[in-house]
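In what follows, chains are A, B, ... by sequence order, proteins preceding strands, each numbered from 1.
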Amino acid sequence: MADKMRVRFAPSPTGPFHIGGARSALFNWLLAKKDEGCLVLRIEDTDRERSTKESEENIKEALKWLGITWDEGIDVGGEHGPYRQTERLHIYEEYTKKLLASGQAYECFCTDEEIEAERQALKDAGKMPIYQGHCRHLTEEQKEAYRAEGRKPTIRFRVPENQEIIVDDMVRGRVTFDSNGVGDFVIVKSDGIPVYNYAVVIDDATMEITHVIRAEEHLSNTPRQVVLYEALGLPTPRFGHVSLILGKDRTKMSKRHGATSVDQYRKLGYLPEAIVNFLALLGWSPTGEEEILSAEQLIEQFSMDRVAKNPAVFDIDKLNWINAQYMKNADPAMICDLAIPHLVEAGYITEDISAEEKAKLVEFTAAVQDHLSYAAQLTELADLYFNDAFDVTDEEMKEILADETVPAVTSLFAQKMNELEVVDFAAVKAIFKAIGKELKVGGKKVFMPLRIVTTGQMHGPDLAKMIPIIGRERILARMARTLDALK
RNA sequence: GGCGCGUUGGUCAAGCGGUUAAGACACCGCCCUUUCACGGCGGCUACAUGGGUUCGAAUCCCAUACGCGUCACCA
């Protein structure tokens, strides 16, 4: 095709922006970037009950945060606007008139109750619960009678019978459906608002979308759309249905599976590059063996024929690992900023933290950032830095402190610390070395007691790094206090 | 229930008729580090089942099982 590729992302603003939506957006974006095509952002807000302005904002913010930019659509404009479905009602109306005039669509006066009863009866009889066409051939008199009753019609599309509907899918291959299994479906609700399956067709066609990349849950809807493209005489785009993202229990990701919105990950202190990297790997795989890939690399390598058919389970361990890779090279001040709300919430600091305290905290962050999967985890290490009043109750720790070498090690440590002019990493490291040498005890017998006595923990970041950050005063006070308590 | 899609290790996955069935995460072990981590090295574990087609099948076909999606005046 000579024309450039035009793809779109068309979320409905009905809740927090889901991680699955982010992946769909990402795939479209990667494809557009790769082919120097155009990504359109359209808002599908025909569900007026559930659509909110906040959700729309949330989606835009999340996309921007992830670095997914759109070339055309809400906010940025373009030649195919407007880009919000509720602002396009007049466009749909034109097409509806044509369909009605040609008899390809008709008014349906059935009530919810009638439809429901019919559906139930069919189900009970073990048949397909599709609309039986009760209103297919109403006369003008019958319609008038219904109107006089106060019934407001919906508009149904007359689905052609005995047709094989073919969807040539970029990821699934050729999928065929029988038109008899579809049933006349509603295209315009009784309030005059078009239904998703209808609006999406007109929008994609009039926006000249060439490739529709979306989640697999839409595959079963596609025959309806194909049949509409044909009826409207509009060009059908290429489809690509990407499989779903599942939770640990192999069902569609939902609240039960923990954090599911982009926002939640952002707040926990995950980095956008890591999320993008992780999402790209969920359902797509690179040719090479390297899995840590920048957006530029992803764009270069991305292609639809490497998109997997099978659904993928969201693996938080892998996300954590990928994020940790990006965290290592990240600016400690930034990580610290991301962690601060969590430190406040955990009660370690208050929001009005001084510049001096903040600087210390950044130092601390720098010392531990290799240990973090995401910024909020800093709270798990925060005791190290903030808690001067820990108690040693753990039996294993007590045992280590009961060793005969401990008194000598601790007192020599205190002495050497006090003699120090500058307390820095090299100096502390030298002290450890000297203690081991002078007392002829192994590394473990030097480090473990001192670690426990100064931090109340058995594991943690490099002690020689931590001591200068916590400071001589506090370190020695902690040690004295702990030793005292054990007597 | 109808229709549709899927099924390679615990997880993500490569594989497109002939491979010792890649790689990554997790897990385990070893090394490095006089602690802890990081890092390095190594190990563990897989083609859902049953029939075909073929000289040869993880790869092609058909059944079965299981999972998921969809059948709204939601998107």
**Student:** Pick out the pairs of N or O atoms, protein on one side and nucleotides 9-15 of chain B on the other, that lie under 3.5 Å.
**Tutor:**
residue, atom, partner, partner atom, Å
C12(B), OP1, Val313(A), N, 3.1
C12(B), O2', Leu281(A), O, 3.1
A13(B), OP1, Gly283(A), N, 2.9
A13(B), OP2, Asn310(A), ND2, 3.4
A13(B), O3', Ser285(A), OG, 3.4
A14(B), OP1, Ser285(A), OG, 3.2
A14(B), O3', Arg306(A), NH2, 3.3
G15(B), OP1, Arg306(A), NH1, 3.0

**Student:** State the pairing partner of C5(B); accept Watson-Crick or G-U wobble contacts with both distances under 3.5 Å, and report none otherwise.
**Tutor:** G67(B)

**Student:** Who does A14(B) pair with, Watson-Crick or G-U, both distances under 3.5 Å?
**Tutor:** none

**Student:** side-chain hydrogen bond (donor to acceptor under 3.5 Å, both in side chains) for Tyr326(A) and Asn277(A)? Distances and angles first, verdict last.
**Tutor:** CA-CA 10 Å; Tyr326(A) 286 89; Asn277(A) 195 156; 2.6 Å; yes

**Student:** Kindly point out which of A75(B), C73(B), C71(B) is positioned nearest to the side chain of Thr46(A)?
**Tutor:** A75(B)

**Student:** Distance check, P atoms only: C61(B) and G23(B), in whole angstrom units.
**Tutor:** 29 Å

**Student:** For U34(B), which nucleotide is its Watson-Crick or G-U wobble mate, given both distances must be under 3.5 Å?
**Tutor:** none

**Student:** Report yes or no: is the cationic atom of Arg224(A) (NZ for Lys, CZ for Arg) under 6.0 Å from the centre of the six-membered ring of Phe185(A), at an angle within 45° of the ring normal?
**Tutor:** yes

**Student:** Which nucleotide, C73(B), G69(B), G6(B), lies nearest any side-chain atom of Leu244(A)?
**Tutor:** G69(B)

**Student:** Could you give the distance separating C27(B) and U64(B) at their C1' atoms, to the nearest angstrom?
**Tutor:** 34 Å

**Student:** Consider the side chain of Ser220(A), meaning its heavy atoms from C-beta on, and name the nucleotide among U70(B), C73(B), G6(B) that approaches it most closely.
**Tutor:** U70(B)

**Student:** Please answer whether C25(B) and Trp321(A) are stacked, defined here as ring centres separated by less than 5.5 Å and planes angled under 30°.
**Tutor:** no

**Student:** Does Arg119(A) put a side-chain nitrogen or oxygen below 4.0 Å from OP1 or OP2 of A72(B)?
**Tutor:** yes

**Student:** Roughly how many Å apart are C62(B) and A24(B), using the C1' atom of each and rounding to a whole number?
**Tutor:** 35 Å

**Student:** Taking atom P in both C41(B) and G4(B), what distance in whole Å separates the two?
**Tutor:** 49 Å

**Student:** P atom, G10(B) versus A72(B): distance in rounded Å?
**Tutor:** 38 Å

**Student:** When the P atoms of G29(B) and U34(B) are compared, how many Å lie between them, rounded to an integer?
**Tutor:** 22 Å

**Student:** Select one nucleotide: of U34(B), C5(B), A75(B), the one nearest the side-chain heavy atoms of Asp47(A).
**Tutor:** A75(B)

**Student:** Roughly how many Å apart are A14(B) and C25(B), using the C1' atom of each and rounding to a whole number?
**Tutor:** 15 Å

**Student:** Are the ring centres of Tyr131(A) and Phe157(A) closer than 6.0 Å?
**Tutor:** no

**Student:** Can you list, in residue-number order, the parts of residues 456-466 of chain A that come under 4.0 Å of RNA chain B, counting heavy atoms only?
**Tutor:** His459(A), Gly460(A), Pro461(A), Asp462(A)

**Student:** Taking NZ, NE, NH1 and NH2 as the nitrogens, is one of them in Arg136(A) or Glu161(A) under 4.0 Å from a carboxylate oxygen of the other?
**Tutor:** yes

**Student:** Taking a pair as Watson-Crick or G-U wobble with both distances under 3.5 Å, which nucleotide is matched to A22(B)?
**Tutor:** none

**Student:** Please pick, from C74(B), C36(B), G69(B), the nucleotide with the shortest atom-to-atom distance to any side-chain atom of Glu217(A).
**Tutor:** G69(B)

